[in-house]
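Some notes on the structure that comes next.
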Amino acid sequence: MKERVETLMRSVPGRFTSGLHSERVAARLGLWLGVSFTVAFVTGLFSHFMQHPPGWLSWPSRPVGLYRVTQGLHVIGGLATIPLLFAKLWTVYPKLWQWPPFRSLSHAVERALVLVLVGASLFQLTTGLLNISYAYLWPFSFPVAHYWTAYLLYGALVIHVVNEWAKVRRNLWAREEVEPREAVTARRRFLGTVAAASGLTVLFTVGETYAPLSGLALLAPRDPHAGPQGLPVNKSAAAAGVTAAIRDPGYRLTVTGAVRTPLSLAYDDLLRLPQHTVRLPIACVEGWSAEAEWSGIRLRDLAALAGVAPGSVLTVESLERGGGYRSSEVRPPHWNDPLTLLALRIDGAPLAPDHGFPVRLIAPNRPGVLQTKWVSKVVAG
Amino acid sequence: MNVGRWLGYGLGGGLVVAGIAGLVVNAHQTDPLGWALWFGGLIAAHDGVLVPLVLLAGVAVGRLTKPSPVRAALTVAAVLSLVALPMVAGIGRRADNPSLLPLDYGRNLLVVLGLIALVTALTTIALRLRGNRRRE
Ligand code: HEM
């Protein structure tokens with residue numbers, strides 16, 4: 001009996017007859033995946049440390065659209081990786097059934113790490129796709145789980161690349177041995193199909209951040225022109241629980257903390273301060289972005305009025321009672337930038353409640369979650 | 001064993017350990033049990049269900065057609081449908097925020113599949129015509 005099972009198991013890998021289950025195809029797809037996972041890891045870490053900078057780190061406020069580009073690369077590039085991962089796992093699937101499963105201790109460790117790599121890749125791409133589709137079907141915090149799983153994935157990937165590097169070199173750069181013509185054609189056709197699937201995924205989604213292609217964004221979770229005042233919204237005033245507070249006639253914007261002159265300004269006082277108009281994108285962590293014309297007062301003018309020292313860190317607080325994004329820190333490069341506004345208007349009209357009426361922060365090169373809405377307080381520290 | 005190899009193992013191993021440590025230390029946010037269910041569930045669903053289905057489909061399609069634009073088109077269509085699925089299902093829609101998932105994704109997916117079918121048909125016809133001409 002045992003012998004029969006043995007013989008059966010040994011015969012499994014041989015039953016995958018397609019010539020595409022080959023080292024050559026795996027090496028090529030592996031190379032593509034290595035590039036795309038590296039881009040995802042680097043842009044993801046950039047996003048993380050923009051949102052949670054250690055004390056010594058002050059990100060520059062320029063180039064204006066940097067975060068928009070890196071996060072667009074992260075999310076759209078992540079979507080483009082989905083076909084690559086499917087293709088790669090299909091190509092190497094027969095190896096899942098290799099027999100004996102473990103030839104030695106080091107082979108067992110190697111396979112365990114491959115399992116981690118496969119699981120972490122599927123986890124990042126699947127939960128990433130579901131997250132940008134707002135389908136939060138899990139009990140964990142997406143950003144926290146996604147962040148730590150990224151280290152797990154990239155670590156397992158580095159080890160895997162070290163182990164397979166000789167095969168990659170042999171297959172991609174070593175002198176071509178003579179191959180049957182059909183094999184070459186079949187491989188090109190397969191890789192071409194995979195590239196087409198990736199390319200079309202990008203073509204039908206990238207318009208959610210690259211407006212010239214927004215007409216093609218048939219499968220993107222956002223349309224950069226859809227929303228109040230033609231601009232998408234992440235958290236509505238209703239969801240934030242501020243619908244009553246923002247209509248309160250007693251509303252005041254206060255500037256306190258390490259200031260020479262504390263300020264308390266009504267909405268009409270804000271309208272009487274010098275107004276400036278800037279064109280800036282709002283660039284969401286979820287990869288979409290949209291540009292608008294914002295008018296309002298420069299944060300640095302307000303800071304000067306209150307007598308804030310130029311090296312201070314400002315904390316901008318919302319009328320929201322709770323939630324992870326009720327306040328955000330604005331470090332010197334950002335609040336000293338003349339493009340950084342406490343905005344009162346979009347395209348000349350007062351902010352819609354969902355865009356942060358009466359006042360919201362808008363700054364260059366900054367994730368959307370840090371563009372605090374419904375602002376009622378600026379604290380200098 | 002060369003130095004580069006061990007540097008790679010050190011770097012990779014360090015990242016793996018950091019990842020596991022982060023998942024465990026932040027257990028109140030990463031919910032290790034829920035995380036593990038997703039991690040393991042996705043491997044099981046992929047290796048145990050999705051790939052076998054794809055292999056069966058591959059055998060079926062292989063019997064029906066020679067390698068052709070149709071095969072490539074079916075592959076591309078399947079992948080794009082899978083990517084679009086969460087949006088088509090519309091699980092994330094919220095009454096208070098119509099700017100989330102603002103499009104008719106079911107219709108849009110049909111448009112995309114229609115475009116793929118059209119390009120495939122045109123390519124197939126073009127290939128046939130060229131083949132005929134060659135035979136003449
Ligand atoms: C379909 C693929 C992917 C999508 C749609 C996606 C989506 C996202 C989103 C929406 C965020 C922002 C989370 C937030 O700040 O709220 C994010 C952050 C991040 N992503 Fe991805 N991602 C994908 C793949 C990957 C991969 C493959 C890696 C690792 C190699 C990765 C690493 C990261 C990291 C490190 C962050 C920063 C998390 C933080 O701010 O703490 N992502 N990703």
Side-chain angles (χ1 to χ4, degrees), chain A residues 18 79 82-83 86 89-90 93 96 113 115-116 118-120 122-123 126-127 129-130 133-141 144-145 147-159 161-162 186 189 192-193 196-197 200-201 204 218-219 221-223 226-228 232-233 236 238-239 354, chain B residues 4-5 8-9 11-23 26 29-35 38-40 42-43 45-47 50-51 54-55 58 62 67 71-72 75-76 79-80 82-84 86-87 89 91-94 96-103 105 108-109 111-112 116:
Chain A
S18 168
L79 295 177
I82 293 175
F86 281 150
L89 293 180
W90 178 85
Y93 189 69
L96 178 63
L113 281 163
L115 187 75
V116 168
V118 172
L122 289 169
F123 183 93
T126 311
T127 59
L129 171 66
L130 288 170
S133 313
Y134 309 99
Y136 308 128
L137 305 172
W138 41 72
F140 41 79
S141 150
V144 180
Y147 176 65
W148 292 111
T149 307
Y151 287 95
L152 194 58
L153 188 167
Y154 208 75
L157 179 62
V158 169
I159 293 171
V161 169
V162 170
R189 194 184 293 121
T193 305
L200 288 178
T201 305
F204 293 127
L218 296 173
L219 303 180
R222 293 289 192 153
D223 172 346
V233 167
S236 69
D354 287 350
Chain B
R5 197 174 185 90
Y9 287 154
L11 175 66
L15 287 170
V16 167
V17 170
I20 293 172
L23 286 166
N26 297 286
Q29 285 172 305
T30 58
D31 192 281
L33 182 63
W35 181 91
W38 268 88
F39 193 92
L42 283 169
I43 298 177
H46 179 270
D47 287 358
L50 186 67
V51 178
V54 169
L55 292 168
R71 260 198 215 183
T75 311
V76 172
V79 173
L80 284 175
L82 214 58
V83 171
M87 282 159 254
I91 307 161
R93 288 226 153 80
R94 290 180 56 116
D96 68 300
N97 187 357
S99 78
L100 298 181
L101 306 175
L103 311 174
Y105 295 97
N108 286 1
L109 179 59
V111 171
V112 167
I116 295 174

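Chain naming here is simple, since letters A, B, ... match the order of the sequence lines and numbering starts at 1 in each.
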Handout entry: Contacting region of L33(B) [heavy-atom separation from chain A under 4.5 Å]
Key = neither

Fill in the blank from the handout: Ranked by heavy-atom pairs below 4.5 Å to chain A, first place among A84(B), A18(B), G22(B) goes to G22(B)

Practice task
Under 4.5 Å, counting heavy-atom pairs only, tell me which of L11(B), L100(B), N26(B), V111(B) racks up the most with chain A.
Solution key: L100(B)

Practice task
With rounding to the nearest 0.5 Å, note down the distance linking CD in Q29(B) to CZ in F140(A).
Solution key: 12.5 Å

Problem - Most contacts with chain B, counted as non-hydrogen pairs under 4.5 angstrom, among S236(A), A135(A), A145(A) - result: S236(A)

Handout entry: Residue among T75(B), V76(B), L109(B) with most heavy-atom pairs under 4.5 Å to chain A
Key = V76(B)

Exercise for the section: Of all the heavy-atom pairs spanning L219(A) and M87(B), show the shortest one and how long it is. Expected result: O-SD, 3.0 Å

Exercise for the section: Without swapping roles, check the side chain of N108(B) against the backbone of L218(A) for a donor-acceptor pair under 3.5 Å. Expected result: yes

Exercise for the section: Flag the pair L129(A) / P86(B) as yes when at least one side-chain heavy-atom distance between them is below 4.5 Å, and no otherwise. Expected result: yes

Fill in the blank from the handout: Of all heavy-atom pairs linking F39(B) and V116(A), the shortest is CZ-O, 3.6 Å

Handout entry: Single hit among L115(A), L122(A), L96(A) for side chain to side chain contact (heavy atoms under 4.5 Å, CB included) with D47(B)
Key = L96(A)

Exercise for the section: For each of W148(A), F86(A), W90(A), tally heavy-atom pairs with chain B at distances under 4.5 Å, and name the one with the top tally. Expected result: W148(A)

Handout entry: Parallel, tilted or perpendicular, as decided by the 30° and 60° cut-offs, for the rings of W138(A) and W38(B)
Key = perpendicular

Fill in the blank from the handout: If you tally heavy-atom pairs under 4.5 Å between each of V158(A), D354(A), V162(A) and chain B, the highest tally belongs to V162(A)

Handout entry: Where V16(B) and G155(A) come nearest, the two heavy atoms and their spacing
Key = CG2-C, 3.7 Å

Problem - Options A120(A), S18(A), A150(A), ranked by heavy-atom pairs under 4.5 Å with chain B, top entry - result: A120(A)

Exercise for the section: Evaluate the side-chain proximity of L152(A) to L15(B): yes if any heavy-atom separation is below 4.5 Å, no if none is. Expected result: no

Practice task
With a 4.5 Å cut-off on heavy-atom pairs, point out which of T149(A), V118(A), L130(A) contacts chain B the most.
Solution key: T149(A)

Exercise for the section: For residues L55(B) and Y93(A), determine if any side-chain heavy atom of one lies less than 4.5 Å from a side-chain heavy atom of the other. Expected result: yes

Problem - N97(B) side chain vs V233(A) backbone, donor-acceptor pair below 3.5 Å - result: yes

Exercise for the section: Could you tell me whether the side chain of R222(A) and the main chain of L101(B) form a donor-acceptor pair under 3.5 Å? Expected result: no

Practice task
Check whether any side-chain heavy atom of V112(B) lies under 4.5 Å from a side-chain heavy atom of F204(A), and answer yes or no.
Solution key: yes

Exercise for the section: Among the options L23(B), L82(B), V17(B), pick out the one with the most heavy-atom pairs lying under 4.5 Å from chain A. Expected result: L23(B)

